[in-house]
Student: 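Attaching a single structure in structure tokens format; questions to follow.
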Amino acid sequence: YKFSLTPAERSILALLVSRTGKNVTFDEIGEVCLGDIHTKFATVSKHISSINKKAQSIGGRNMIVSPESKCYAINKYI
């Protein structure tokens with residue numbers, strides 16, 4: 001299955017995949033993927049939500065989960 005990602009979404013997903021099995025904070029995502037450690041939580045959440053909506057439309061599951069407050073990880077059940 002394939003779905004289109006924006007450059008920011010692709011960068012976020014690549015970071016999370018590279019750290020599979022570990023939680024990544026929204027600060028890390030902001031700094032590494034969006035170039036700004038001061039990125040607002042809502043901005044990161046918007047990108048995560050968009051990735052998950054696209055994944056759900058294809059495979060019926062979220063690709064990214066939030067196991068802790070303000071942290072994200074690849075869903076280990078996909």
Student: Is there side-chain contact between I12 and Y72, with heavy atoms separated by less than 4.5 Å?
Tutor: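 Answer no - side chains too far apart.
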Student: Applying a strict under-4.5 Å side-chain criterion to I, L, V, M, F, W and Y, I'd like to know whether Y77 and I51 cluster together.
Tutor: no
Student: Would you check if the side chain of N75 reaches a backbone N or O of I64 as a donor-acceptor pair within less than 3.5 Å?
Tutor: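 Flag not set: sc N75 to bb I64 has no pair under 3.5 Å.
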Student: Answer yes or no: does atom CZ of R10 have more than 12 heavy-atom neighbours from other residues, nucleotides or ligands under 6.0 Å?
Tutor: yes
Student: Check whether any side-chain N or O of K54 sits under 3.5 Å from a backbone N or O of S4 as a donor-acceptor pair, and report yes or no.
Tutor: yes
Student: Of V24, V65, L13, which is the lone residue that meets side-chain contact (heavy atoms from CB on, under 4.5 Å) with I74?
Tutor: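 That would be L13; it is the only one of V24, V65, L13 passing the side-chain contact (heavy atoms from CB on, under 4.5 Å) with I74.
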Student: Would you say E9 and F3 make side-chain contact, with heavy atoms under 4.5 Å?
Tutor: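 E9 does not reach F3 side chain to side chain.
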Student: Without swapping roles, check the side chain of S18 against the backbone of L15 for a donor-acceptor pair under 3.5 Å.
Tutor: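 Indeed, once roles are kept as given, a pair shorter than 3.5 Å links the two residues.
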Student: I need the S69 OG to F26 CZ distance, nearest 0.5 Å.
Tutor: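 Atom-to-atom, S69:OG and F26:CZ are 9.0 Å apart.
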Student: Can you confirm whether N62 sits close enough to Q56 that some side-chain heavy atom of one is under 4.5 Å from a side-chain heavy atom of the other?
Tutor: yes
Student: Taking all atoms of both residues into account, what is the closest heavy-atom pair of N23 and C71, and its distance?
Tutor: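 Scanning both residues, the minimum pair turns out to be CB-CB, 4.0 Å.
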Student: State, yes or no, whether a side-chain contact exists between L34 and H47 at a heavy-atom distance under 4.5 Å.
Tutor: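 Touching, per the 4.5 Å side-chain cut-off.
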Student: Please check this pair: side chain of S45 against backbone of F41, looking for a donor-acceptor N/O pair closer than 3.5 Å.
Tutor: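 It does hold such a pair.
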